[in-house]
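As the structure lists them, so they are numbered: ligands from 1, and atoms in each ligand from 1. Numbers for residues simply follow the sequence, beginning at 1. Heavy atoms only: backbone and side chains are in, while hydrogens, waters and symmetry mates are out.
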Amino acid sequence: MSSKRLSVVVTRRLPEVVETRLKELFDVTLRDSDTPMTREELVAAVQEADVLVPTVTDTIDAGLIGQAGPQLKLIANFGAGFDHIDVATARSRGILVSNTPGVVTEDTADMVLALMLGVTRRIQEGLAVMQAGEWQGWAPTAFLGGRLGGRRLGILGMGRIGQAVARRAAAFGMQIHYHNRHRLRPETEDALQATYWDSLDQMVARMDVLSVNCPSTPSTYHLLNARRLKLLKPSAVIVNTSRGEVIDENALTRMLKAGDIAGAGLDVYEHGIKGNPELRNMPNVVMLPHMGSATEEGRVEMGEKVIINVKTFADGHRPPDQVIPAML
Ligand SMILES: NC(=O)C1=CN([C@@H]2O[C@H](COP(=O)(O)OP(=O)(O)OC[C@H]3O[C@@H](n4cnc5c(N)ncnc54)[C@H](O)[C@@H]3O)[C@@H](O)[C@H]2O)C=CC1
Ligand SMILES: O=C(O)C(=O)CO
């Protein structure tokens with residue numbers, strides 16, 4: 001397939017430099033407004049495109065893939081997570097799927113540490129007092145938080161981002177623990193000085209901070225359900241930058257309200273962009289609008305990965321970041 005003639009439809013605005021390069025390489029349809037496509041627009045896109053470039057806000061489910069024209073051959077996602085794409089249905093119709101892993105790792109791990117500090121050092125409360133002009137001056141007993149150093153960090157999902165979190169947290173003097181689908185190789189475990197827990201229940205019960213870094217898949221849906229959340233120590237803090245669906249958000253909200261855990265740092269939500277209104281006004285909850293990977297540099301690198309995936313496909317090869325259903 002000649003890359004010049006490949007028809008590529010992009011569902012959201014991307015950094016200008018990425019859009020310019022896409023225009024140079026392909027017959028590309030870019031989005032004018034920075035809003036998600038409607039379902040009707042997505043249907044039209046899969047009926048005309050050889051390659052669809054969606055992102056994490058698009059639902060590419062079996063119903064949509066079923067309406068795709070026979071020309072659709074690649075879904076090149078702008079994003080690392082691919083829980084919004086029905087990869088198995090795409091595969092069954094001969095449509096390849098690719099994503100953008102790796103380039104989001106360090107920025108997202110930075111944000112995990114920012115959320116940890118935000119909650120444990122009460123940054124939100126301090127900020128609110130300063131913004132309201134209500135600061136009464138330094139006091140020995142004001143705004144006392146907890147020290148990260150010496151605390152036990154449990155990482156659920158020790159992949160790229162989980163390991164980048166471990167490296168940062170170790171530099172803060174935290175003790176690193178993890179639960180993962182597969183145990184790491186001994187040399188990797190040694191390098192990270194990380195302790196493996198086969199039992200997620202046992203790890204959850206012993207941690208001071210729990211960072212959620214696994215993908216959203218059928219097997220991780222509500223992995224942190226009400227029963228498991230109750231195992232957390234009342235002094236524990238939970239940080240989620242993976243996907244909202246991994247935590248039962250209603251159960252988490254109830255526990256935070258009851259003071260059954262100390263706090264939460266959240267970048268992603270189970271109940272959509274409006275979030276869970278009850279969470280919003282809690283001083284011990286730091287909420288961000290899904291901005292874990294949001295750096296100028298990272299977004300350009302994500303675009304470059306998309307371009308490499310599409311170009312490689314156009315040149316007759318499998319995209320380097322091909323996603324396969326077994327990865328779920
Ligand atoms: N907040 C943000 O802006 C961003 C969020 N993400 C989210 O972070 C997730 C992780 O990204 P990466 O670290 O790059 O993925 P990765 O694939 O490198 O790591 C995920 C790890 O989770 C483990 N895992 C999968 N299922 C599990 C289970 N049932 N129990 C325990 N461990 C399990 C895997 O074995 C793997 O080690 C993405 O899938 C995405 O949802 C990614 C980038 C930015
Ligand atoms: O890449 C992802 O999966 C995100 O959530 C945004 O970078």
For [atom], the protein heavy atom that lies nearest, with its residue and separation:
atom	value
atom 5 (O) of ligand 2	H290 NE2, 2.7 Å
atom 21 (C) of ligand 1	G159 N, 3.7 Å
atom 40 (C) of ligand 1	R243 NH1, 3.7 Å
atom 2 (C) of ligand 2	A80 N, 3.4 Å
atom 38 (C) of ligand 1	G81 CA, 4.1 Å

Any idea how H177 and W197 line up, ring-wise: parallel (<30°), tilted (30 to 60°), or perpendicular (>60°)?
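Aromatic pair H177/W197 classed tilted.
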
If you define the side chain from C-beta out and look only at heavy atoms, does anything of [X] sit under 4.5 Å from [Y]?
X	Y	result
V246	Y221	no
L192	L184	yes
D208	L153	no
V212	I155	no

Would you check whether [X] has a nitrogen or oxygen atom less than 3.5 angstrom from a nitrogen or oxygen atom of ligand 1?
X	value
R160	yes
N213	no
D83	no

Show your reasoning for whether salt bridge (Lys or Arg N to Asp or Glu O under 4.0 Å) applies to D61 and R39.
CA-CA 11 Å; D61 56 16; R39 184 73 173 185; 2.9 Å; yes

Provide the number and element of each atom of ligand 1 under 4.0 Å from a heavy atom of [X].
X	result
V104	43 (C)
S293	3 (O), 44 (C)
T241	1 (N), 2 (C), 4 (C), 5 (C), 6 (N), 7 (C)
H290	1 (N), 2 (C), 3 (O)
T220	26 (N), 27 (C), 28 (C), 29 (N)
S219	29 (N)

Examine the proximity of ligand 2 to H84 and report which part, side chain or backbone, both or neither, has a heavy atom under 4.0 Å away.
neither

Any donor-acceptor pair under 3.5 Å linking the side-chain atoms of S293 with those of R299?
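Short answer, yes.
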
Y178 and Q163: side-chain donor and acceptor closer than 3.5 Å?
no

Please list, in number order, the atoms of ligand 2 under 4.0 Å from a heavy atom of [X].
X	answer
M302	7 (O)
G79	1 (O)
S293	6 (C), 7 (O)
G81	1 (O), 2 (C), 3 (O)

If you take the nearest heavy atom of each of [options], which one is closest to [atom]?
atom	options	value
atom 42 (C) of ligand 1	I161, T108, L288, V268	I161
atom 9 (C) of ligand 1	A294, C214, G79	C214
atom 37 (O) of ligand 1	N240, T217, N180, L223	N180
atom 31 (C) of ligand 1	R183, Q163, R181, M158	R181
atom 25 (C) of ligand 1	P218, G157, P215, G298	P215
atom 7 (C) of ligand 1	G102, A164, S242	S242

Worked verdict on R243 versus E270 for salt bridge (Lys or Arg N to Asp or Glu O under 4.0 Å):
CA-CA 7 Å; R243 289 290 185 264; E270 184 181 4; over 6 Å; no

Quick check against the 3.5 Å criterion: does D321 have a side-chain atom that pairs as donor or acceptor with the backbone of T100?
no

Main-chain N/O of A171 paired with R167 side-chain donor or acceptor, under 3.5 Å:
no

Between atom CE of M111 and atom OG1 of T295, what is the distance when rounded to the nearest 0.5 Å?
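Taking CE in M111 and OG1 in T295, the distance rounds to 9.5 Å.
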
What's the spacing between I247 CD1 and T220 OG1 if we round to 0.5 Å?
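Rounded to the nearest 0.5 Å, the CD1-OG1 separation comes to 11.0 Å.
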
So is P101 in contact with ligand 1, going by heavy-atom distances below 4.0 Å?
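It does not, in that no heavy atom of P101 comes within the 4.0 Å cut-off of ligand 1.
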
Can you tell me if T105 has a non-hydrogen atom under 4.0 Å from ligand 1?
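Per 4.0 Å heavy-atom rule, T105 does not contact ligand 1.
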
Salt bridge [X]-[Y], side-chain N to carboxylate O under 4.0 Å:
X	Y	answer
R254	D260	no
R183	E189	yes
E106	R168	yes

